[in-house]
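Just so you know, these numbers use all the heavy atoms, side chains as well, and skip hydrogens, waters and symmetry mates. A quick note: this is a predicted structure, and the numbers were derived from the prediction, not measured. Residue numbers begin at 1 in each chain, while the letters A, B, ... track the order of the sequences.
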Protein chains: 2
Amino acid sequence: MLRISKLTDYAVVLTTHLADTAGVTSVRALAEGSAIPEPTAAKVLKTLAKAGLVDSVRGAHGGYRLAREATAITVAEIIEAIEGPIAVTECVDAESECSLEEQCGVRANWQRINDAVATALQGITLAEMARPDAPRLFQIRKADSAETARSITR
Amino acid sequence: MLRISKLTDYAVVLTTHLADTAGVTSVRALAEGSAIPEPTAAKVLKTLAKAGLVDSVRGAHGGYRLAREATAITVAEIIEAIEGPIAVTECVDAESECSLEEQCGVRANWQRINDAVATALQGITLAEMARPDAPRLFQIRKADSAETARSITR
DNA sequence: GGCAAAGAGTACCCATGGGGTCCCATTTAG
DNA sequence: CTAAATGGGACCCCATGGGTACTCTTTGCC
């Protein structure tokens, strides 16, 4: 499955909506516009605010707005705000004491895969994510030898 | 976090060990060599066998061996054997009825991200995964030209 | 000033499924 | 025949994703 959590999905959708709007938007409006249950949307937005990705305005007529330009927010940041550091496997995550890490030749390669995925997600901005007709696609390539040309054709 | 499950991690480690050995190897030997609890290793191997990635030999002196060359098994296959189809988000997975999918501009982009990740994992063989000093790295590129766009759409 | 409309913070609950164990049936070498 | 293996279940536990509720605090507006 290799899933991101639903909450993260919500976060992307919500920030996407914010990217479309100029001023601040209330949780209620955002929730309605995204078909996300309001309390849950509120929870997600609070988390995003703590992470500094959105700014909140309290009080009457308050709401949320993006803390930066949509072009300056990456999908990776949103994921990390909700789920923590991107770590494909446990052993890739910072302080894991894999019992036989000396032996484990697999680890280094998971690390590389993890880096590739992280880099990819860091390269995708919220602005791009907001456009269904995004002109850019993303591909992952082996960086190396001669046959890399063929690496896409599966 | 974007994690693959521990069981999948185990699967990669176990198949890696199989790639190093010629004949069949018993679950016990594999479990000991990988520091994975034996019953759990057994479970994983059964799943891999059902998926056709490893062959089992029953009876005394039985065990497992790779069903194909290590160069002909991809990491993507192992992941899918344990976790099912690679689907970064729910809406990417086959039969999801996302309430407002018409509206949801995010979906198409998740699909693209998903494809990129899947393609990457399909390009990594078990043989490569088994070598800690793998010479190849993996990187992700944005392809903003129209031609590459076509090459990914499956 | 006071009320109402917002978000902040936190505690809490519930269901799902990852992770793990066990048992018994079946196969096969010696 | 027996022991050593896997096949195929059923089963359990508990961490956590997902969702809810309730009480502060801030602030616009009459």
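Remark: B/T8 engages B/S5, B/E83 in a side-chain hydrogen bond (donor to acceptor under 3.5 Å, both in side chains) (not counting sequence neighbours). When the side chain to side chain contact (heavy atoms under 4.5 Å, CB included) test is applied to A/K50, no partner is found at least two apart in sequence or on another chain. A/A130 pairs by the side chain to side chain contact (heavy atoms under 4.5 Å, CB included) definition with A/T16, not counting sequence neighbours. Annotation: side chain to side chain contact (heavy atoms under 4.5 Å, CB included) contacts of B/P39 (sequence neighbours excluded): B/P37.
Comparing D/dG17, C/dG7, D/dA5 by their closest approach to the side chain of B/S26 singles out D/dA5.
Atom CG of residue A/L53 and atom CG of residue A/L14 lie 12.5 Å apart, to the nearest 0.5 angstrom.
Direction of the helix axis in the helix from C/dG1-D/dC30 to C/dG30-D/dC1 shifts by 10° between the two five-pair termini, rounded to 10°.
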For a quick test of your reading: what N or O donor-acceptor pairs under 3.5 Å do the side chains of residues 59-72 of chain B make, sequence neighbours left out?
| residue | atom | partner | partner atom | Å |
| --- | --- | --- | --- | --- |
| B/R68 | NH1 | B/A72 | O | 2.8 |
| B/R68 | NH1 | B/E77 | OE1 | 3.3 |
| B/R68 | NH1 | B/E77 | OE2 | 3.1 |
| B/R68 | NH2 | B/E77 | OE2 | 3.1 |

Scan the side chains in residues 18-29 of chain B for donor-acceptor partners under 3.5 Å anywhere in the protein, sequence neighbours excluded, and list what turns up.
| residue | atom | partner | partner atom | Å |
| --- | --- | --- | --- | --- |
| B/T21 | OG1 | B/H17 | O | 3.1 |
| B/S26 | OG | B/A29 | N | 3.1 |
| B/R28 | NE | B/E38 | OE1 | 3.4 |

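Note on B/S56: a side-chain N or O is less than 4.0 Å away from OP1 or OP2 of D/dG7. Residue A/Y10 places no side-chain N or O under 4.0 Å from the OP1 or OP2 atom of D/dG17. The phosphate of D/dG18 (OP1 or OP2) has a side-chain N or O of A/S5 nearer than 4.0 angstrom.
Listed by residue number, A/K46 are the residues of residues 41-48 of chain A with a heavy-atom contact under 4.0 Å to DNA chain C.
With hydrogens and angles ignored, the 3.5 Å screen pairs no side-chain donor or acceptor of B/T40 with any backbone N or O of B/I36. Listed for the A/N109 side chain is a donor-acceptor partner under 3.5 Å among the backbone atoms of B/R131.
Across A/V75, A/I78, A/T74, a single residue satisfies side-chain contact (heavy atoms from CB on, under 4.5 Å) together with A/I124, and that is A/V75.
Here the C1' atom of nucleotide D/dA4 and the CZ atom of B/R28 are 9 Å apart, to the nearest Å. The separation between B/I4 atom CD1 and C/dG19 atom P is 9 Å, rounded to whole Å. A/K6 places its NZ atom 10 Å from the P atom of C/dG17, with the value rounded to the nearest Å.
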Practice item. Would you please test A/E80 and A/I86 for side chain to side chain contact (heavy atoms under 4.5 Å, CB included) and show each step? Key: CA-CA 6 Å; A/E80 292 182 340; A/I86 292 175; 3.9 Å; yes
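Mapping A/L7 and B/E38 onto DNA chain D by nearest heavy atom places B/E38 at the nucleotide closer to the 5' end.
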**Study point:** Base-contact (B) and sugar-phosphate-only (S) positions in nucleotides 24-30 of chain D, heavy-atom cut-off under 4.0 Å, - elsewhere
**Key:** -BBBSS-
